[in-house]
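Chain A is the first sequence line, chain B the second, and so forth, proteins listed ahead of strands; every chain is numbered from 1. All figures in this text were calculated on a predicted structure; none of them were measured in a lab. Atoms considered below: every heavy atom in the structure, side chains included; atoms not considered: hydrogens, waters and symmetry mates.
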Amino acid sequence: MLINKRLILAHFWFAFAVFGVALLLGAWQMLMRSPLSGWIENPEWYYRSLTGHGTMMGYVFPTLVAMGFGYAISESALGQPLVGPRWAWAGLGLIAAGSVIGLVPVALGRASVLYTFYPPLIGHPLYYVGVVLVVVGSWIWVALMSINLRVWKRANPGKPVPLAMFANVAGSYLWAWTAVGAALELLLQILPVAFGLRDTIDAGLARVFFSWTLHAIVYFWLMPTYIAYYTIVPRAIGGRLYSDTMGRIAFILFLVVAMPIGIHHAFMDPEVGAGFKFLHSAFTALVALPTLLTVFTICASVEIAARLRGGRGLFGWISALPWGNPIMLAVLFSFLMLGFGGAGGLINMSYQLDAAIHNTQWITGHFHLIFGGAIVIMYFAIAYDLWPHLTGRPLASLRLMRLQLWLWFVGMIVTTFPWHWVGILGMPRRMAYFDYADPALSPLAFSVTLSVIGGFILVLSGILFFVVLLRGHAGPAIEAGAYRFALAVHPPVRVPAALNSFGLWVALMIGLTVTNYGYPILHLALGGGASVQAVYVGGQR
Amino acid sequence: MSRDGWTVGGIGATAVVLVVSAVIGFVALPYAQPDLRLAGLWDAICSAAGVAAPAPPQEQAPGPVQKVSSVVVSNDMLAAADQQSVGRGATLAHQCAICHGPTGVSRADSPSLSGQYAASIYKQLKDFKTGARVNVVMTPFAVDLSEQDMVDIAAYYAYLPRLPVPRRTVDHPIPRIVASGAPLRGIAPCGSCHGDLDNKMGTPWLGGQSAAYFREQLRAFASGERRNDINQQMRAIARRMTPEEMDEAALYYSGEAGAVH
């Protein structure tokens, strides 16, 4: 049962509006740095746009999708009205306020520091204040998810928590803890400098704090996608989930090992000891496990659906799948991009291989393929699946949806494959212009041009996405029925307490943070002497 | 599995992974590195944890042959000048006026100082005084200045209005070296530090400087005649600039672009 439909719809619409703006900025950036455009006359505009693109796509868009989807899950999976809807609106209000407060200085060119903050660059304090407000707004959601689960558990003692809600709360706890790293960096290091209380900053320590957030934030972005794999896909294609237990274990593994691995983002940082880099590398390898479990479980679930539809043979069942169904198409594309992106990720997490592609366009290609590709295409699928239940009107054109998903998939591949390639050739990321006339760089020109075409395909797909949703709002009113999640082949009757609660796993997550981050942080924080002068964006003070 | 089974299994598996990774990362790998000389197990662990080994004792490094700048530039240096400092600076600046103009705007191809950042003026005066920068006209003026004199003069000129970077026009667009630099030669855009695009700590504002002075300084940096730039920042850039680029930048910042071409 979906009761607070306006709340959920507001989250999704705000998320997608922000996504639309950031998508256009991204396409403009690609054009500017390509051979199709002359050198940008004022490179600051490029970094201004890049900061806006990253901030909106990284902090605002996925957070709002996770929140809106989370509220929908809480109401429909638990079958109870959301506890604390006023708080939920307040959280959305904080995120809206934070987005405006943070993005105004960016638009004015006073905070072109990129969404990774990049100290010792220091922008206008309001930018960071805006980001903090966005995070605080999302923490309200974390608290609400925990409270709603508790209320349900009290009313349903001993019953298994529905998988969708179990995963949703796991995602919220992961976010709550992983956001602490960037919050510490902002509150202890950056804001005092931005407000002029100090004028030096330890950039090495700041990067270690940020790595605490930077890797697991991707798994937070991933959570709605994985929840959709497990709880929407099997139902949408007329099948059943192969294993409910496997789902619980996968989400628990994400909770425990997604966070204490972030130093693989700092492999090239001399401040961190090689032993800790290895430790984080080893745990990064471990985080592939829940993804492999998921791929196996979802492929098995899809096969069940195919065989229920009369599919036969070792591989013959594949043709029996409902390929006209947009959700089926989305999950295929998502898996393909996850596969390619994951393979690239194995290179990033390997110390020696990473050295070859560190800070090159390869990295940009990698995270666009994973986030923009595998994750966001499932956000589209979630919206398509949920929209009729939120608006009470059908999404009429399956053809348009399929076209949109095809364009997003093709566009993302055409964008990111050339990026991986030029990254191997050594093209640095975060550059506003390149001298393609130079013999050393001219071999890159073709690939970069190709990626711009991919970017334009993505814009086209983004426009189609809005057309589908807006046309949905104009459709005739229908009764969409209750919103349901996939049933497992063996629906859980009793599950072990450990797979029905989070205490042990949250404790392990925090424990691993202490073992894997404790010494590097204390060493840098207490060692001192590594601070450098802040570089203020927008002129001398 | 009972709750205790999951607890023991979860903690146990995590601990095993942690311990095995730690033993490999902090013991096995340091020992596997042939050029890492280790005094023992504890030394291996410390080196892997990132504890800096004490530097081996070495002889006093020989000092530079030439004088280098002794000024350490920071964001907060000379940040808040009081009115008395500005007033004293105005009096002291009478001796500067013959070359730098009574209002800090030069008409003699010497630098215009009106509105220049205090940190930049202070640094140049100090460098003239210590001999890190040498000029037959300036050096005699600077050697007699006290620390407070230099601070006051810097405060006074910083207090005057800043000369604008000339507006670009359709006929005289911003030159490529100023807007974009030359990335493949490692030259950052002039404007990213010296004004128009952005300003960075310790760099002077170049708007309204005479083209002749500008060219001469770039030439001096390129030849190594002038070497009071910190970490050779300007020398490294000027050496790689072409004479045409020096000319374009000089004409652009001086506002003489329209008059010459």
Side-chain angles (χ1 to χ4, degrees), chain A residues 39-44 109 112 122 193 196 198-200 252 256-257 260 270-283 285-286 431-435 438 440-441 496-499 501 503-505 507-508 511-512 515-516 519-520 523-524 527 533-541, chain B residues 1-7 9-11 13-15 17-18 20-22 24-30 33 36 44-52 72-77 79 117 119-120 168 173-174 176 179-185 189 191-192 195-203 205:
Chain A
W39 287 9
I40 186 168
E41 231 187 44
N42 186 344
E44 202 278 321
S112 305
I122 297 290
V193 180
R198 276 206 299 269
D199 76 335
T200 59
I252 284 169
V256 176
V257 294
E271 302 89 351
V272 182
F276 283 101
K277 288 174 181 169
F278 179 81
L279 200 58
H280 283 242
S281 193
F283 275 89
L286 214 58
M431 292 283 153
Y433 47 86
F434 295 88
D435 188 354
D438 189 281
L441 298 195
L499 296 186
S501 59
L504 170 63
W505 314 116
L508 277 177
L512 282 177
T515 57
N516 290 13
Y519 181 79
H523 175 58
L524 288 169
Q533 290 285 324
V535 178
Y536 292 101
V537 170
Q540 300 186 25
R541 300 233 166 143
Chain B
M1 230 187 303
S2 67
R3 170 153 208 158
D4 282 342
W6 282 96
T7 309
I11 296 175
T14 310
V17 173
L18 183 68
V20 170
S21 319
I24 297 174
F26 289 86
V27 181
L29 288 180
Q33 292 185 53
L36 200 62
I45 293 171
C46 287
S47 96
V51 179
V72 177
V73 181
S74 67
N75 279 314
D76 56 351
M77 76 186 286
Y117 295 112
S120 293
R168 70 192 89 165
I174 183 166
R176 180 165 275 203
S180 312
L184 284 166
R185 278 177 282 147
S192 63
D196 212 18
L197 304 181
D198 203 349
N199 260 139
K200 300 279 158 56
M201 174 187 73
T203 50
W205 179 261

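For the options A:Leu286, A:Ile252, A:Asp438, heavy-atom pairs under 4.5 Å to chain B are most numerous at A:Asp438. Contact tally against chain B (heavy-atom pairs below 4.5 Å) for A:Val257, A:Thr200, A:Asn516, A:Leu499: the top residue is A:Leu499. The candidate from B:Ile11, B:Val20, B:Ile24, B:Ile45 with the greatest count of non-hydrogen atom pairs under 4.5 Å with chain A is B:Ile24. Contacts with chain A were tallied for B:Ala15, B:Ser180, B:Ala179, B:Ser192; B:Ser180 has the most, counting heavy-atom pairs under 4.5 Å. Note on B:Ala49, B:Gly50, B:Pro183: by heavy-atom pairs under 4.5 Å with chain A, the leading option is B:Ala49. Each of B:Leu18, B:Val17, B:Thr14 has some count of heavy-atom pairs under 4.5 Å with chain A, and the biggest count is that of B:Leu18.
Distance check: B:Arg176 CZ to A:Glu41 CD gives 10.0 Å after rounding to the nearest 0.5 Å. Rounding to the nearest 0.5 angstrom, the gap separating the NE2 atom in A:His523 from the CZ atom in A:Phe276 is 9.5 Å.
Using a 4.5 Å cut-off between heavy atoms, B:Leu184 touches chain A through its side chain atoms alone. Neither the backbone nor the side chain of A:Phe434 comes within contact range of chain B; no heavy atom of the residue lies under 4.5 Å from a heavy atom of that chain. The part of B:Leu29 that comes within reach of chain A is its side chain, from C-beta onward, which places non-hydrogen atoms under 4.5 angstrom from that chain. Using a 4.5 Å cut-off between heavy atoms, A:Tyr519 contacts chain B through its side chain alone, with no backbone atom that close. Only the backbone of A:Ile40 comes within contact range of chain B, with at least one heavy atom under 4.5 Å from a heavy atom of that chain. Within the 4.5 angstrom heavy-atom criterion, atoms from both the backbone and the side chain of B:Val51 approach chain A.
Ring centroid separation for the pair A:Phe278 and B:Phe26 does not come in under the 6.0 Å cut-off.
Side-chain atoms of B:Asn199 and A:Tyr536 include no donor-acceptor pair closer than 3.5 Å.
The nearest pair of heavy atoms linking B:Met77 to B:Val72 is SD-O, 4.0 Å. Residues B:Pro30 and B:Ala44 share a closest heavy-atom pair of CG-O, 3.8 Å.
Of the possible donor and acceptor atoms, one in the side chain of A:Ser501 sits under 3.5 Å from a partner among the backbone N and O of A:Ala497.
The aromatic rings of A:Trp505 and B:Trp6 lie perpendicular to each other, with more than 60° between the two planes, well past the 30° mark.
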